[in-house]
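Given the structure is predicted, the values throughout are model-derived calculations rather than measurements. Throughout, protein chains are lettered first and strands after them, A, B, ... in sequence-line order, and every chain is numbered starting at 1.
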There are 2 protein chains.
Amino acid sequence: MHSEVVASRSAEQRDSSRESRNGNGTPQLDAVSLAIIQQLQEDGRRPYAAIGKAVGLSEAAVRQRVQKLLDQGVMQIVAVTDPLTVGFRRQAMVGINVEGDVEAIADALTDMSEVEYVVMTAGSFDILAEIVCEDDDHLLDVINKRIRALPGVRSTESFVYLKLKKQTYMWGTR
Amino acid sequence: MHSEVVASRSAEQRDSSRESRNGNGTPQLDAVSLAIIQQLQEDGRRPYAAIGKAVGLSEAAVRQRVQKLLDQGVMQIVAVTDPLTVGFRRQAMVGINVEGDVEAIADALTDMSEVEYVVMTAGSFDILAEIVCEDDDHLLDVINKRIRALPGVRSTESFVYLKLKKQTYMWGTR
DNA sequence: CTCGCTGTTTGCGGATTTCGCAGAACTGGT
DNA sequence: ACCAGTTCTGCGAAATCCGCAAACAGCGAG
């Protein structure tokens, strides 16, 4: 019925060893899990059986691997939107310079619900943070009252979003 | 069986008028669609019936709305991961200054597969673009050979990612 | 080499969910 | 009041999801 798939699977399977972890504690993914993620990046609701056919695994096996990937926090299956469409009128990327413990500031930003995205960077900013707000007042409040008030924040520079041009989640689908 | 749900629905339903469009061509979302999106932001695979129970609609109605939201491009249901986990070792945010047609440059960036995110901004950069690459060589190539080569790009500044601290998709879930 | 341990895969039923469709209900315009 | 367009509902049929027990593979200890 699906003999050629099985054949290709056992070929793939050879080097897909047991899941291990590297130093960071980030789970090491084999080729099959990667292929599963790729399938779900194209369509987060794709049936397990269809994914199984694509990657050469049974429906139940795919289901278990997906569940594990979710439990481990390797991936999440979610709806993503353009915030502007959903009623958040003001967004900005904020570049931040820190004196002292950068990670502590990053953690503080992480705790703010208006902050969608926090990344520590090399370059003329120590941290980049994306802010999503309802309106100008809200944005102003977050940047001036809350972020600049954090002890250790030396300076900030804001880039207010005018238009979102691209937003994809297709890593590995090249 | 679910009488109280029906009751609460008709209350909600009153102000959920026909879908319209604002000037931008972006569909206007009513409270119910927003609630549906919110449900799917928590779990992209949540069954239609469960969503229906939460927002006060029948399973079929939810299904139709979700399909329309997907068709309209208002949202997409996808798996998202930390690129580092999936084998992309180098990422960077690139700030770009443009002379002339900013949107043309933004479109050119959008066409590059390594570019995950493009946004036009106000401030000292005209465009911010997020780049996801396999390694340093790849990143260098994209920034120097491809982005800087675009006619109209006056200057760029790169912020290489050191550590991703937060990445959420929970707009409206506050 | 064999035993046993562990983690993964497979193959099933049964329960749930998805899907397509036809009719009812609601809205806005004439 | 009526009509056209859209949305919602309620089904039955098909597909999918889920849990479980058995088969299987890797691996270290004896």
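The distance between atom CD of B:Glu59 and atom P of D:dT7, rounded to the nearest whole Å, is 17 Å. Taking atom CG on A:Leu29 and atom C1' on C:dT8, their separation rounds to 16 Å, with Å as the unit. Residue A:Lys68 contributes atom NZ, which lies 4 Å from atom P of C:dT8 at whole-angstrom precision. Here D:dT9 presents its P atom at 13 Å from NZ of B:Lys53, a figure rounded to the nearest Å. Taking atom CG of B:Leu57 as the reference point, atom C1' of D:dT6 lies 14 Å away to the nearest angstrom. As rounded to whole Å, 14 Å separates atom P of D:dT9 from atom CD1 of B:Ile51. Going from atom CD of B:Gln64 over to atom P of C:dA24 covers 17 Å, rounded to whole Å. Atom C1' of nucleotide C:dT9 and atom CG of A:Asp30 are separated by 13 Å, given to the nearest angstrom.
Toward the 5' end of DNA chain C, the nearer of the two residues A:Ala61 and B:Ala49, judged by each one's closest nucleotide, is A:Ala61. Nearer to the 5' terminus of DNA chain D, by closest-nucleotide assignment, is the contact made by B:Val62 (compared with the other of B:Val62 and A:Ala60). Mapped onto DNA chain D by nearest heavy atom, A:Arg63 and B:Arg63 fall at different nucleotides, with B:Arg63 at the one closer to the 5' end.
At a cut-off of 3.5 Å, with distance as the only test, a side-chain donor of A:Tyr117 or B:Glu130 sits close to an acceptor on the other residue. There is no side-chain donor-acceptor pair under 3.5 Å between B:Asp43 and B:Gln39.
Residues A:Leu164 and A:Leu128 are members of one and the same hydrophobic cluster, defined by side-chain heavy-atom contacts under 4.5 angstrom among Ile, Leu, Val, Met, Phe, Trp and Tyr.
In the set C:dT9, D:dT9, D:dC18, the nucleotide with an atom closest to the side chain of A:Arg65 is C:dT9.
Residue B:Arg45 places at least one side-chain N or O under 4.0 Å from the OP1 or OP2 atom of D:dC17.
Within the 4.5 Å cutoff, side-chain heavy atoms of B:Leu109 are placed close to those of B:Ile127.
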